[in-house]
Number of protein chains: 2
Amino acid sequence: MSGLRIKYLKPALVAEHLARADALCAATGARLTPLRRRVLELVVRSGRPVGAYELLDQMRACGHKGAPPTVYRALDFLQQQGLVHRIAMANAYVACSHPGCDHHALIFVCTECGNALELEETQVKASVAARAEAVGFRVPGQPIEVAGTCPLCQEGRP
Amino acid sequence: MSGLRIKYLKPALVAEHLARADALCAATGARLTPLRRRVLELVVRSGRPVGAYELLDQMRACGHKGAPPTVYRALDFLQQQGLVHRIAMANAYVACSHPGCDHHALIFVCTECGNALELEETQVKASVAARAEAVGFRVPGQPIEVAGTCPLCQEGRP
DNA sequence: AAACGAAATGTTATATTATAACGTTTTCAC
DNA sequence: GTGAAAACGTTATAATATAACATTTCGTTT
Ligand SMILES: [Zn+2]
Ligand SMILES: [Zn+2]
Ligand SMILES: [Zn+2]
Ligand SMILES: [Zn+2]
């Protein structure tokens, strides 16, 4: 993760994402409180996997007096609602690219720049499920992370 | 990872694993020093993913005066040689089940007991590779981790 | 053998990520 | 309104990992 390209989502897309989150939580009765919504907004806006302390810093920069548990609790909630995924290999959190869909996600994570690409996937999940059944493992629908190099980083990062 | 079942590999299997590591490193010219070999032995013996500090404690219990870098450096080396895999989702390290083979591994990790099962896989890797190519990602042959529940933990862990 | 440079290890300190524990406030059903 | 549950604030600490630099070991060259 050397040359981390800064990339922000367009405001319109952020608003759309948040509106969908509002609708989803309203439908399920989950409470997307202002605090949680603020954290989600920060995750969505960054448009890439972000660390918890990075989010915490942004919260503080906006005048919020918070401690780590604040952010981690919000992230836990957002993960439960399927609005955010944790990328274990990067210790980072990324907004789900298609929340609400009971999806089987495949997430490519670029080890150069830290960006991630989430795909709706059936083929990979099917082959994993088949292999899992063969050895008796039960696998829920959590996203599968795959490390790699993104197209931009394959060229000399322009 | 509540009821972590303790499980040790049989001494004969450990010796076999170490012998293979010796042969592999001899062939490539990599220096499997006593320290590195000792760390590998501890990883192999435990027969499941183990944390770096867990290994450090075991080193110390055997009279070795070491600090975290000691273990982390050895683990780095062992990973480079393909003798050990890091399980990102568990912050743990596990001995490769078939070192030397240029394998495409799929690792099922039980979130209940922490055990892991490494499989030689072609179907899953093939579908991942196809998907990666479609979006321009380049994916090296690192193991893919899949969270799940192992057969033993599905029953009431006997 | 002596000298040299590179690799490995020792050592200390610190960075990074995440959670425990407990008190206070807010929310919601009754 | 009242009580219970959920959410949030706050402090401290756990767990994981690395930076930085000194020392030792090792293989090679002279
Ligand atoms: Zn998703
Ligand atoms: Zn990239
Ligand atoms: Zn392996
Ligand atoms: Zn299990």
Side-chain angles (χ1 to χ4, degrees), chain A residues 1-2 4 21 25-26 28-40 42-43 46 49-60 62-81 83-94 109 111 114 145, chain B residues 1-2 4 21 25-26 28-40 42-43 46 49-60 62-81 83-94 109 111 114 145:
Chain A
M1 212 181 310
S2 41
L4 196 118
C25 289
T28 63
R31 294 173 52 191
L32 186 59
T33 63
L35 179 65
R36 290 164 172 172
R37 197 172 191 279
R38 183 85 184 103
V39 172
L40 176 59
L42 292 175
V43 175
S46 45
V50 286
Y53 279 76
E54 200 175 339
L55 294 169
L56 184 56
D57 288 343
Q58 293 180 37
M59 297 280 282
R60 283 169 170 163
C62 298
H64 187 277
K65 293 163 62 88
T70 303
V71 166
Y72 280 104
R73 282 194 284 232
L75 287 171
D76 283 349
F77 170 85
L78 296 170
Q79 284 180 260
Q80 282 166 19
Q81 305 308 314
L83 298 168
V84 159
H85 298 299
R86 175 166 194 269
I87 314 267
M89 104 180 44
N91 291 330
Y93 305 82
V94 68
V109 183
T111 52
E145 307 170 16
Chain B
M1 213 175 319
S2 41
L4 195 116
C25 288
T28 64
R31 292 174 55 190
L32 186 58
T33 63
L35 180 65
R36 291 164 171 171
R37 198 171 190 277
R38 182 84 183 106
V39 171
L40 176 59
L42 292 176
V43 175
S46 42
V50 286
Y53 279 75
E54 201 175 338
L55 294 169
L56 184 57
D57 288 343
Q58 293 180 37
M59 297 280 282
R60 283 169 170 162
C62 297
H64 188 278
K65 293 161 63 87
T70 302
V71 165
Y72 281 105
R73 282 193 286 232
L75 288 171
D76 283 348
F77 170 85
L78 296 170
Q79 284 180 261
Q80 281 167 19
Q81 305 309 314
L83 298 169
V84 159
H85 298 300
R86 176 167 194 269
I87 313 266
M89 97 177 52
N91 291 330
Y93 306 81
V94 69
V109 183
T111 52
E145 308 170 16

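Convention: sequence-line order gives letters A, B, ...; per-chain numbering from 1.
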Mind running side-chain contact (heavy atoms from CB on, under 4.5 Å) on B:Arg38 and B:Cys62 for me, showing each step along the way?
CA-CA 10 Å; B:Arg38 182 84 183 106; B:Cys62 297; 3.1 Å; yes
Protein-nucleotides 5-14 of chain C N/O pairs closer than 3.5 Å?
residue	atom	partner	partner atom	Å
C:dA8	OP1	B:Arg36	NH1	3.4
C:dA8	O5'	B:Arg36	NH2	3.3
C:dT9	OP1	B:Thr33	OG1	2.5
C:dT9	OP2	B:Arg36	NE	3.4
C:dG10	N7	B:Arg73	NH2	2.6
C:dG10	O6	B:Arg73	NH1	3.1
C:dG10	O6	B:Arg73	NH2	3.4

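- Computed from coordinates, the B:Asp57 CG to D:dT16 P distance equals 10 Å when rounded to whole Å.
- Regarding A:Asp76, its CG atom lies at a distance of 13 Å from the C1' atom of D:dA7, rounded to whole Å.
- One interatomic measurement links the two molecules: CG of A:Leu56 to P of C:dT17, which rounds to 12 Å at whole-angstrom precision.
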Set out, in order, the CA-CA distance, both residues' side-chain angles and the distance that settles side-chain contact (heavy atoms from CB on, under 4.5 Å) for B:Val50 and B:Leu42, then state yes or no.
CA-CA 9 Å; B:Val50 286; B:Leu42 292 176; over 6 Å; no
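- Across all non-hydrogen atoms, the minimal contact from B:His64 to B:Leu35 is NE2-CD1, 3.6 Å.
- In terms of phosphate contacts, A:Asn91 brings a side-chain nitrogen or oxygen within less than 4.0 Å of OP1 or OP2 of C:dA18.
- Contacts of A:Arg73 classified as side-chain contact (heavy atoms from CB on, under 4.5 Å), with partners at least two apart in sequence or in another chain: A:Pro69.
- The CG-C1' distance, from A:Leu32 to D:dA6, rounds to 15 Å in whole Å.
- OP1 or OP2 of D:dA17 has at least one side-chain nitrogen or oxygen of B:Tyr72 nearer than 4.0 Å.
- Going from atom CE of B:Met89 over to atom P of C:dA18 covers 14 Å, rounded to whole Å.
- Contacts of A:Ala26 classified as side-chain contact (heavy atoms from CB on, under 4.5 Å), with partners at least two apart in sequence or in another chain: none.
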What verdict does the side-chain contact (heavy atoms from CB on, under 4.5 Å) test give for A:Arg86 and A:Val94, after you've listed the backbone C-alpha separation in whole Å, the side-chain angles of each residue and the deciding distance to 0.1 Å?
CA-CA 6 Å; A:Arg86 175 166 194 269; A:Val94 68; over 6 Å; no
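- Partners of B:Ala52 under the side-chain contact (heavy atoms from CB on, under 4.5 Å) rule, at least two apart in sequence or in another chain, are B:Val71, B:Tyr72, B:Leu75, B:Tyr93.
- The salt bridge (Lys or Arg N to Asp or Glu O under 4.0 Å) check on A:Arg36 picks up nothing, with sequence neighbours excluded.
- The two residues B:Gln81 and B:Ala30 come nearest to each other via the heavy atoms OE1-CB, 3.3 Å.
- If one axis is set at each end of the helix from C:dA1-D:dT30 to C:dC30-D:dG1 from five pairs, those axes are 30° apart, to 10°.
- Contact check, B:Tyr93 against D:dT16: no side-chain N or O comes under 4.0 Å of OP1 or OP2.
- Spacing between atom CD1 of A:Ile87 and atom P of C:dA18 amounts to 12 Å, rounded to whole angstrom units.
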